[in-house]
Engineer: 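Below: one structure in C-alpha coordinates.
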Amino acid sequence: SATVSGAGGPWTVDFSVPAGTRACHVYISVYDILGRRVRVLLDAVMTAGSQRVQWDGVTQHGGQAASGIYWIEMRADGRRISGLKVLKMQ
(Lines give C-alpha, C1' and ligand atoms only; values in the text may rest on other atoms or scores of the structure.)
Protein backbone atom coordinates (compact mmCIF):
# COMPACT_ATOMS: atom_id res chain seq x y z
CA SER A 1 0.00 0.00 0.00
CA ALA A 2 1.04 3.62 -0.49
CA THR A 3 -0.05 7.10 0.53
CA VAL A 4 0.91 10.54 -0.76
CA SER A 5 1.16 13.68 1.33
CA GLY A 6 2.26 17.24 0.64
CA ALA A 7 -0.26 19.74 -0.68
CA GLY A 8 1.44 21.76 -3.40
CA GLY A 9 4.68 19.76 -3.21
CA PRO A 10 7.07 18.31 -2.58
CA TRP A 11 5.02 15.15 -2.40
CA THR A 12 6.04 12.33 -0.10
CA VAL A 13 5.12 8.78 -1.03
CA ASP A 14 5.09 6.49 2.01
CA PHE A 15 4.81 2.78 1.31
CA SER A 16 5.62 -0.51 2.93
CA VAL A 17 6.79 -3.92 1.89
CA PRO A 18 4.99 -6.34 4.24
CA ALA A 19 7.02 -8.15 6.90
CA GLY A 20 7.72 -11.74 5.94
CA THR A 21 7.75 -10.82 2.27
CA ARG A 22 10.85 -11.62 0.29
CA ALA A 23 12.64 -8.66 -1.23
CA CYS A 24 10.74 -7.34 -4.23
CA HIS A 25 11.38 -5.00 -7.12
CA VAL A 26 9.56 -1.69 -6.51
CA TYR A 27 8.99 0.82 -9.29
CA ILE A 28 7.37 4.19 -8.51
CA SER A 29 6.88 6.72 -11.27
CA VAL A 30 4.98 9.92 -12.04
CA TYR A 31 2.80 10.30 -15.16
CA ASP A 32 1.06 13.31 -16.63
CA ILE A 33 -2.63 13.34 -17.52
CA LEU A 34 -1.83 12.04 -21.03
CA GLY A 35 -0.05 8.99 -19.58
CA ARG A 36 3.49 10.15 -20.38
CA ARG A 37 6.09 9.24 -17.78
CA VAL A 38 7.40 12.42 -16.19
CA ARG A 39 9.81 11.00 -13.62
CA VAL A 40 10.94 7.70 -12.13
CA LEU A 41 11.08 8.09 -8.35
CA LEU A 42 12.26 4.59 -7.49
CA ASP A 43 13.44 1.55 -9.41
CA ALA A 44 15.04 -0.78 -6.89
CA VAL A 45 14.83 -4.04 -4.98
CA MET A 46 13.40 -3.30 -1.54
CA THR A 47 13.21 -5.40 1.61
CA ALA A 48 10.38 -5.56 4.15
CA GLY A 49 9.59 -2.40 6.07
CA SER A 50 8.38 1.16 5.72
CA GLN A 51 9.91 3.24 2.94
CA ARG A 52 9.62 6.81 1.65
CA VAL A 53 10.39 8.67 -1.58
CA GLN A 54 9.70 12.26 -2.59
CA TRP A 55 8.78 14.05 -5.78
CA ASP A 56 9.87 17.68 -5.85
CA GLY A 57 7.97 18.53 -9.04
CA VAL A 58 11.06 18.13 -11.22
CA THR A 59 10.93 16.06 -14.41
CA GLN A 60 13.34 13.28 -15.37
CA HIS A 61 15.22 15.86 -17.51
CA GLY A 62 15.68 18.34 -14.64
CA GLY A 63 13.02 20.94 -15.49
CA GLN A 64 9.98 21.91 -13.44
CA ALA A 65 6.84 19.98 -14.36
CA ALA A 66 3.97 22.18 -15.53
CA SER A 67 0.98 22.85 -13.31
CA GLY A 68 -1.60 20.10 -13.64
CA ILE A 69 -2.79 16.72 -12.46
CA TYR A 70 -0.26 13.91 -12.14
CA TRP A 71 -0.57 10.23 -11.36
CA ILE A 72 1.93 8.48 -9.09
CA GLU A 73 1.96 4.74 -9.71
CA MET A 74 3.62 2.03 -7.65
CA ARG A 75 4.41 -1.43 -8.96
CA ALA A 76 5.90 -4.32 -7.01
CA ASP A 77 7.33 -7.26 -8.91
CA GLY A 78 5.50 -6.03 -12.01
CA ARG A 79 2.06 -5.82 -10.36
CA ARG A 80 0.30 -2.48 -10.02
CA ILE A 81 -0.11 -1.88 -6.31
CA SER A 82 -1.34 1.68 -6.07
CA GLY A 83 -2.18 4.72 -8.15
CA LEU A 84 -2.40 8.11 -6.50
CA LYS A 85 -3.45 11.44 -7.99
CA VAL A 86 -1.70 14.74 -7.12
CA LEU A 87 -2.29 18.33 -8.22
CA LYS A 88 0.76 20.47 -8.99
CA MET A 89 0.32 24.22 -9.00
CA GLN A 90 2.99 26.81 -9.60
Side-chain angles (χ1 to χ4, degrees):
S1 68
T3 60
V4 174
S5 60
W11 294 270
T12 301
V13 180
D14 291 301
F15 66 97
S16 61
V17 176
T21 303
R22 63 178 176 75
C24 64
H25 184 247
V26 177
Y27 184 82
I28 300 175
S29 50
V30 180
Y31 296 89
D32 68 13
I33 199 162
L34 298 176
R36 297 176 296 204
R37 188 175 59 228
V38 174
R39 174 108 180 249
V40 174
L41 301 179
L42 181 67
D43 185 3
V45 173
M46 307 297 289
T47 57
S50 296
Q51 311 289 339
R52 173 177 283 176
V53 295
Q54 281 194 323
W55 182 44
D56 54 6
V58 174
T59 68
Q60 198 71 28
H61 302 293
Q64 275 295 319
S67 294
I69 297 171
Y70 291 86
W71 187 257
I72 298 176
E73 183 179 71
M74 177 180 168
R75 292 184 170 271
D77 284 340
R79 276 191 357 232
R80 184 174 177 270
I81 300 299
S82 186
L84 306 156
K85 190 169 35 171
V86 298
L87 175 64
K88 181 180 186 303
M89 297 174 61
Q90 299 208 8

Engineer: Does anything in residues 16-33 form a salt bridge (charged side-chain N to carboxylate O under 4.0 Å, His left out)? List the pairs, not counting sequence neighbours.
Structural biologist: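 Pairs touching residues 16-33 that pass the test: R22-D77, D32-R36.
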Engineer: Go through the steps for V26 and F15 under the test side chain to side chain contact (heavy atoms under 4.5 Å, CB included), then give the verdict.
Structural biologist: CA-CA 10 Å; V26 177; F15 66 97; 4.0 Å; yes
Engineer: Applying side chain to side chain contact (heavy atoms under 4.5 Å, CB included), can you list everything that pairs with T59, at least two apart in sequence or on another chain?
Structural biologist: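 Side chain to side chain contact (heavy atoms under 4.5 Å, CB included) list for T59, sorted by chain: V38, H61, A65.
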Engineer: Check each of D43, V40, I72 against I28 using the side chain to side chain contact (heavy atoms under 4.5 Å, CB included) test, and report the only one that passes.
Structural biologist: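 So the option named by the test is I72.
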Engineer: Please report the interatomic distance OG(S29) to CZ(R75), rounded to the nearest 0.5 Å.
Structural biologist: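 Here the interatomic distance stands at 8.0 Å.
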Engineer: Name all residues meeting the side chain to side chain donor-acceptor pair (under 3.5 Å) criterion together with Q54; count only those two or more places apart in sequence or in a different chain, and write none if there are none.
Structural biologist: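 In terms of side chain to side chain donor-acceptor pair (under 3.5 Å), with neighbours along the sequence ignored, Q54 is linked to T12.
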Engineer: Do the side chains of C24 and V17 get nearer than 4.5 Å, heavy atoms only?
Structural biologist: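 Yes; the side chains approach each other to less than 4.5 Å.
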Engineer: Determine whether R39 and D56 make a side-chain contact, defined as any pair of heavy atoms from C-beta on separated by less than 4.5 Å.
Structural biologist: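 Yes - at least one pair of side-chain heavy atoms lies under 4.5 Å apart.
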Engineer: Taking C-beta and beyond as the side chain, do Q60 and R37 meet within less than 4.5 Å on heavy atoms?
Structural biologist: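 Side-chain contact under 4.5 Å: no.
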Engineer: Kindly indicate whether the side chain of E73, heavy atoms from C-beta on, has any atom under 4.5 Å from the side chain of Y31.
Structural biologist: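 In contact.
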Engineer: Between W11 and V53, is any pair of side-chain heavy atoms under 4.5 Å apart?
Structural biologist: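 They are not in side-chain contact.
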Engineer: Any salt bridge (charged side-chain N to carboxylate O under 4.0 Å, His left out) involving residues 44-53? Give me the pairs, sequence neighbours left out, ordered by first then second residue.
Structural biologist: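 Counting only pairs at least two positions apart or across chains, the salt bridge (charged side-chain N to carboxylate O under 4.0 Å, His left out) contacts touching residues 44-53 are D14-R52.
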